[in-house]
2 protein chains.
Amino acid sequence: MEEANTRNGPLHADVAVIGGGVIGLGIAGEARRSGRSVALIDPAPASGATFAAAGMLAPVSELHYQEEDLLELMLESSALWPGFERNVTGSSAGRGTGYRTTPTLAVGADAADRRALADLRDVQLAHGLVVESVPLREAREREPLLSPQISCAFDIPGDHQVDPRRLSAAILAALANHQPGDSSWIAEAGDGFAVHDTAAGLLWEDGRVVGTVLGSGAKVLATETVVANGLDAARLNGLPDGLSLPLRPVYGDILRLRVPEHLQPLVTATVRGMVRGVPVYIVPREDGTVVIGATQREDGLSASGGGANPVSAGGVYQLLRDAQVLVPAVAELELLEATARARPGTPDNAPLLGRVEGREGTVPGLIVASGFFRHGVLLTPAAAQICVGLMDGTVDPRWNKFRPDRFSRPLSAARASTGGPSADTPHPLPKDHA
Amino acid sequence: MEEANTRNGPLHADVAVIGGGVIGLGIAGEARRSGRSVALIDPAPASGATFAAAGMLAPVSELHYQEEDLLELMLESSALWPGFERNVTGSSAGRGTGYRTTPTLAVGADAADRRALADLRDVQLAHGLVVESVPLREAREREPLLSPQISCAFDIPGDHQVDPRRLSAAILAALANHQPGDSSWIAEAGDGFAVHDTAAGLLWEDGRVVGTVLGSGAKVLATETVVANGLDAARLNGLPDGLSLPLRPVYGDILRLRVPEHLQPLVTATVRGMVRGVPVYIVPREDGTVVIGATQREDGLSASGGGANPVSAGGVYQLLRDAQVLVPAVAELELLEATARARPGTPDNAPLLGRVEGREGTVPGLIVASGFFRHGVLLTPAAAQICVGLMDGTVDPRWNKFRPDRFSRPLSAARASTGGPSADTPHPLPKDHA
């Protein structure tokens with residue numbers, strides 16, 4: 001059996017996490033905290049949707065009609081956030097995450113927006129959530145730069161924020177790094193190890209997943225392999241036969257702006273607005289910048305021959321227009337960055353999270369954690385806790401509804417039944433590694 | 001006398017050009033073509049206003065009331081453009097400049113814009129310029145993506161374009177490069193040499209300017225020194241006593257966007273619009289991108305603690321809004337780049353161009369070429385021709401009105417009368433070189 005890279009033996013770890021977005025990072029961090037060694041595999045960690053995300057932790061504002069199942073998970077994760085954040089900062093040598101528990105102010109632009117927010121509030125209250133109407137005068141006392149034209153304001157004390165770039169940097173800082181060009185690597189992942197390479201496919205042995213083969217041809221062998229690489233999850237080779245991961249890109253544009261001295265603070269709390277039926281938010285950061293987001297596009301801009309993450313001119317225009325309706329002084333800010341990324345959407349806007357059930361039972365060694373759409377940052381602590389629970393053999397039946405195989409036809413026999421390929425003959429593999 | 005850098009003797013050149021924007025580059029190129037050796041001095045050539053510029057060559061559209069003197073220079077330069085461009089491409093080993101002589105279409109958004117453009121056309125016609133009314137149906141046949149809502153259209157066959165980044169790269173490619181960290185340099189500029197360093201001050205000897213001292217302390221000795229470093233010109237040490245160069249930054253935001261395949265070409269010609277009294281333009285490039293510009297700001301965004309060239313959120317918003325009024329499909333483009341730079345403005349919007357008259361006559365060895373405001377790219381061939389003419393001893397009296405000392409109090413005696421410092425004791429010098 002020929003090794004693709006005979007100078008590198010396989011890396012061994014208790015857990016291989018494929019994907020270094022906030023979800024994969026959170027799982028890697030929690031797995032380490034459970035005493036497991038971890039190899040996190042990503043050619044460019046925290047450069048996808050995590051790089052763009054505003055980091056709102058907003059189970060209340062993010063409640064949508066017909067998505068009550070998701071609400072349960074969002075509330076669970078929101079409750080886990082303080083402890084999760086303490087664990088991250090505790091293991092990252094003083095790096096901060098920008099976590100802030102200031103309330104969120106929801107505002108409407110016109111009368112129709114006021115009605116829409118009032119209707120949503122009825123649903124929020126029916127679910128026991130706290131949303132308090134705020135007189136306009138009081139809202140403008142709290143946030144003096146709010147437009148005098150807004151139609152309504154609500155206080156949402158349970159919606160908070162974190163800075164996803166600082167959060168992911170803090171988790172990454174606690175991992176050792178390996179570049180694909182290195183001529184050798186440490187044979188044991190030890191505490192934690194970031195492998196800067198793509199995952200090409202899953203490795204199988206005797207009907208269980210035993211790790212992953214990398215784009216370089218090298219291998220990571222692991223007791224548990226977590227597929228957490230967002231939209232790329234569906235393209236991974238060696239997924240269980242019949243498993244369909246119906247992920248689609250939902251593009252979002254988002255802006256970062258600097259607030260000039262004389263306008264600081266532009267807002268003291270996150271302001272979420274409904275402007276002529278379209279949501280927009282302004283998130284203040286500790287460093288005097290604000291984040292304004294975010295569009296939702298499923299247009300063809302990305303398929304039309306441009307770069308990997310094209311920013312929509314119309315999206316940027318819409319964000320600046322609607323943010324100015326809420327806070328006119330937005331026009332006086334410095335535009336630092338316009339970014340677009342694809343979020344991994346699913347048919348029911350809920351994640352694909354858990355183990356995969358095959359005809360012969362659960363596929364051992366494999367956990368899927370993708371499809372977090374707009375909610376990746378908020379849901380990171382819950383996803384991490386659920387995944388590590390599964391590694392411990394714990395199944396919380398509340399989360400069965402998010403099983404990653406819920407959109408799949410009855411799965412054919414797990415690979416065990418066809419005779420398991422050895423770890424040295426991953427099955428299937430991309431042609432250049434076969 | 002101690003040398004700041006004893007390992008480097010002074011560099012000798014016939015001409016030292018301070019400033020590597022399009023004006024300095026054009027002068028350097030023309031000086032070389034005249035047989036002179038040239039040292040172009042700039043820490044980062046073509047990274048200032050030239051980097052942002054759209055490159056419209058638009059003497060007709062750029063005619064403003066009360067600026068008839070400037071029109072004469074713009075028309076002169078426009079006539080020089082074809083030959084200048086041939087010289088650049090002829091000496092740059094096949095590099096292109098993006099020069100295009102397609103006409104410009106001027107359009108108005110509403111009735112007031114139509115009246116404003118019609119009034120301007122009367123003035124343009126009175127100056128013998130060609131501006132032809134185009135029926136709206138015909139305008140939309142030529143440019144199918146134009147909004148059906150526009151109020152008027154005019155054809156301007158004399159307004160063309162070039163790509164300033166390609167133009168400056170083509171001129172720079174013909175110069176050898178020197179970094180300040182190099183331990184030695186060629187003692188003769190030879191054909192041409194780009195010195196990547198700042199100019200700290202002028203060197204004087206016996207009442208004439210004999211070159212410049214660099215930020216590194218090294219010196220460039222030259223028969224003629226051209227001050228062409230835009231806004232920095234006024235801050236140069238050793239300018240003639242009493243010479244006031246009243247340059248002020250006029251910031252501009254400008255966008256670069258990619259046109260998706262299905263919308264190409266967005267426009268076939270440059271479209272200049274007047275939208276509710278505010279000008280906006282869309283310039284199509286050969287590579288399938290368009291440039292949308294440009295705001296004019298003299299606000300405090302730059303003075304408020306941000307980066308060197310802060311982009312205005314309100315400026316970007318205005319450009320996208322107004323460009324969509326003219327061509328709604330702008331919303332479907334990919335935003336590649338939002339850039340801001342400062343243009344060097346002057347009290348009368350005309351350049352500071354020529355030799356400096358002191359009390360004892362013309363200061364020998366010194367030429368100023370700054371303050372080109374919105375017109376640097378268009379005026380480059382004329383500036384280059386006029387400067388090289390001055391080196392040849394030719395004075396065209398038409399351009400005396402742009403003399404760089406026209407805003408100065410009567411100049412005190414030229415430095416000659418105070419006893420000329422030697423080239424080794426430049427006077428004055430910044431403290432760290434004194």
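Sequence lines set the chain letters: A, B, ... in the order given, protein chains first and strands last, and positions in each chain run from 1. In what follows, every heavy atom counts, from backbone to side chain, and hydrogens, waters and symmetry copies are set aside.
Pairs of residues two or more places apart, or lying in two chains, never qualify as salt bridge (charged side-chain N to carboxylate O under 4.0 Å, His left out) while including a residue from residues 105-114 of chain A.
Interface residue A:Q324: only side-chain heavy atoms are found under 4.5 Å from chain B.
Pairing each heavy atom of B:L320 with each of A:A313, the nearest pair is CD1-O, 3.6 Å. Nearest heavy-atom pair, A:S312 versus B:A331, reported as atom, atom and distance to 0.1 Å: OG-O, 3.8 Å. Closest heavy-atom contact between A:L301 and B:R258: O-NH2, 3.7 Å.
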